[in-house]
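Everything numeric in this text was worked out from a predicted model, so none of it was measured.
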2 protein chains.
Amino acid sequence: MNTLSYGLLALLSVKPRTGYELMQQIQPLWRAKHSQIYPLLAKLEQLGCVRFVQVTQKEKPDKKIYSITETGLAKLRSWLPEQADEPVKRDELLLKAYCLSLAEPRQARHLIAERRALFQNHLAKYNAQLAELKRETGLSDGEPGLRSPYFGNYILIKRAIAGAQLELEWCSWVMHILDEEQGQCAERPEP
Amino acid sequence: MNTLSYGLLALLSVKPRTGYELMQQIQPLWRAKHSQIYPLLAKLEQLGCVRFVQVTQKEKPDKKIYSITETGLAKLRSWLPEQADEPVKRDELLLKAYCLSLAEPRQARHLIAERRALFQNHLAKYNAQLAELKRETGLSDGEPGLRSPYFGNYILIKRAIAGAQLELEWCSWVMHILDEEQGQCAERPEP
DNA sequence: TGTTCCATGTAATTCGTTACATGATTAA
DNA sequence: TTAATCATGTAACGAATTACATGGAACA
């Protein structure tokens, strides 16, 4: 059982989900495609960590709703206190940012603008998730307590929002520098 | 040529480095082991994107100092304006955080404390890098301009510092919540 | 009429990690 | 004396992406 398998169990420990939902909802924590998740769910089922009920839908494809078993919960609990690996980050934009002085100013601005747009979308999604979580838990202003199964989701959404905001601030800061240098060129064109 | 290959070229566009140095210095942007980097450098050399000079050292193993060629620079420049892929994040701690309500309170605190220690180390390293960059560029207080080859490194270090600080703030915030709930138990033991 | 969403799966390929290999120097 | 740093490489394995495959509903 690899780390992603434990991640799937982690999501299922809060509430049952389909493979499709797991694929979508695990993204902010652990990037994975559906082609990786479906085979792992089948393995977890063989191991007795999860079970599923097949639901036939009209107007939509059939689906399997997975839930965690006692065996799965035990596996999760024994994995939890183990030391977590360092987070993995691979960010192509940062590689480009490293040699940004090679790019033409408007290319540079375009790259940063794209990143800004991306994280504006992320931020909107995270805010929507926070609103939905408050609906789900029935807490309009307070926060779910440590023992609530939604506690983890709550602290992660708050983290994601702060992270997206920081990303946007960095983009603004870089854009300002780019604009300043650009402005100087416009005011003082080269002789 | 994959993304990591371009990343190596990006680092080499600022100054020549050994494979070992490339392996270390690309980590904050793109996690990779030496076993992945050395073969890529050999390929880049075959493609004419980089060249190296072998340096024999006394008291230390021999090394190859790689530098970028005109061909490599051209490749870099044509890659730069292409749209950057979304960043990849895989963070085991966040998977554990998601089901933190399953952990015993002291296990939970231990997990967060470990993360805090990790990023305290990161923060110290980034601050040291900022100081070294200021030495290298000779700028004691100002920032390298957009056209400086150190501009990219500068904005990335600033970004990394802000990111590490945010991570530490999140850890503190979570720890506070954990401590409060713990405190309540201590004050009001269950009947 | 083309794209996105829902929903699941497999196969081929590339990417990334771990392990194997060597070896001297220095700090704890 | 055990580990870490410097320094390079290859081989085996596991993990992750892309492509192949299907199909109806809603939306623009």
Side-chain angles (χ1 to χ4, degrees), chain A residues 1-8 11 16-46 50-66 84-92 95 121 125 128, chain B residues 1-8 11 16-46 50-66 84-92 95 121 125 128:
Chain A
M1 275 199 14
N2 59 20
T3 307
L4 179 53
S5 303
Y6 286 106
L8 296 172
L11 294 221
R17 292 169 165 97
T18 67
Y20 189 79
E21 287 169 333
L22 285 167
M23 180 267 290
Q24 291 182 313
Q25 294 166 22
I26 209 170
Q27 296 305 322
L29 316 178
W30 193 278
R31 177 159 143 183
K33 313 271 164 167
H34 73 275
S35 53
Q36 206 181 355
I37 288 171
Y38 289 123
L40 286 183
L41 283 171
K43 271 186 200 167
L44 286 170
E45 201 254 324
Q46 282 188 328
V50 301
R51 74 178 123 242
F52 65 86
V53 283
Q54 188 122 18
V55 176
T56 49
Q57 299 179 116
K58 32 187 177 182
E59 328 266 338
K60 275 186 186 175
D62 296 357
K63 63 183 178 184
K64 294 176 179 176
I65 299 177
Y66 286 89
D85 276 355
E86 278 205 46
V88 174
K89 282 187 187 178
R90 294 197 178 92
D91 194 337
E92 186 174 2
L95 299 176
N121 283 339
K125 275 176 199 162
Chain B
M1 276 200 12
N2 58 19
T3 309
L4 180 52
S5 303
Y6 285 107
L8 297 171
L11 293 222
R17 292 169 164 98
T18 66
Y20 190 78
E21 287 170 333
L22 286 167
M23 180 267 291
Q24 291 183 314
Q25 293 166 23
I26 208 171
Q27 295 305 322
L29 316 179
W30 194 277
R31 175 160 143 184
K33 313 272 163 165
H34 73 274
S35 53
Q36 206 180 355
I37 287 171
Y38 289 123
L40 285 183
L41 283 171
K43 272 187 198 167
L44 285 170
E45 201 254 324
Q46 283 189 326
V50 301
R51 75 177 125 241
F52 66 87
V53 283
Q54 189 123 16
V55 176
T56 48
Q57 300 179 114
K58 33 186 176 182
E59 329 265 336
K60 275 186 188 177
D62 297 357
K63 63 182 177 183
K64 295 177 178 175
I65 298 177
Y66 285 89
D85 276 353
E86 277 204 47
V88 174
K89 282 187 187 179
R90 293 198 178 94
D91 194 337
E92 187 174 1
L95 299 177
N121 283 339
K125 274 177 199 160

statement: Heavy-atom closest pair (B:Trp30 atom, A:Asp91 atom, distance to 0.1 Å) is CE3-N, 3.6 Å

message: To the nearest 0.5 Å, what is the distance between CG on B:Asp62 and CD on B:Gln57?
response: 7.0 Å

- request: Sugar-phosphate atoms are those with a prime plus P, OP1 and OP2; base atoms are the rest. Using that split, label each nucleotide of nucleotides 23-28 of chain D B, S or - for protein heavy atoms under 4.0 Å, 5' to 3'.
  value: B-S---

message: Can you build the contact string for nucleotides 13-20 of chain D? Use B for base contact, S for sugar-phosphate-only contact, and - for no protein heavy atom under 4.0 Å.
response: --SSBBB-

query: Taking only N and O in the side chain of A:Gln54, is any of them less than 4.0 Å away from OP1 or OP2 of C:dT8?
result: no

Short side-chain to backbone donor-acceptor contact, A:Gln27 and A:Ala32, under 3.5 Å: yes

For atom CE of B:Met23 and atom P of D:dA7, their distance in whole Å: 10 Å

field: Nearest-0.5 Å distance that lies between atom CD in B:Gln36 and atom CG in B:Asn2
entry: 7.0 Å

B:Leu22 CG to D:dA7 P, straight-line distance once rounded to whole Å: 12 Å

- line: Here the gap from B:Glu21 atom CD to B:Ile37 atom CD1, rounded to the nearest 0.5 Å, amounts to 12.0 Å

- prompt: Whole-Å distance between D:dT22 C1' and A:Tyr20 OH?
  reply: 15 Å

message: How many whole angstroms separate atom CG of B:Asp62 from atom P of C:dA24?
response: 13 Å

query: What distance separates A:Thr18 OG1 from A:Leu41 CG, expressed to the nearest 0.5 Å?
result: 9.0 Å

- prompt: Whole Å only: how far is the CD1 atom of B:Ile37 from the C1' atom of D:dT8?
  reply: 12 Å

- prompt: Whole-Å distance between D:dC6 P and B:Gln25 CD?
  reply: 11 Å

- prompt: What is the distance from atom OH of B:Tyr66 to atom OH of B:Tyr20, rounded to the nearest 0.5 Å?
  reply: 15.5 Å

Phosphate OP1/OP2 of D:dA7: any B:Gln57 side-chain N/O under 4.0 Å: yes

query: Could you give the CD1-to-P distance, from A:Ile65 to C:dA7, as a whole number of Å?
result: 9 Å

Under 3.5 Å donor-acceptor, A:Arg90 side chain and B:Arg31 backbone: yes

query: Checking all strands, does A:Glu21 fall into the base, sugar-phosphate, or nothing category for heavy-atom contacts under 4.0 angstrom?
result: nothing

task: Let me know the distance between OH of B:Tyr38 and P of D:dT10, rounded to the nearest Å.
output: 11 Å

message: If we check side chain to side chain contact (heavy atoms under 4.5 Å, CB included) with B:Glu92, which of these qualifies: A:Leu29, A:Asp85, A:Leu4?
response: A:Asp85

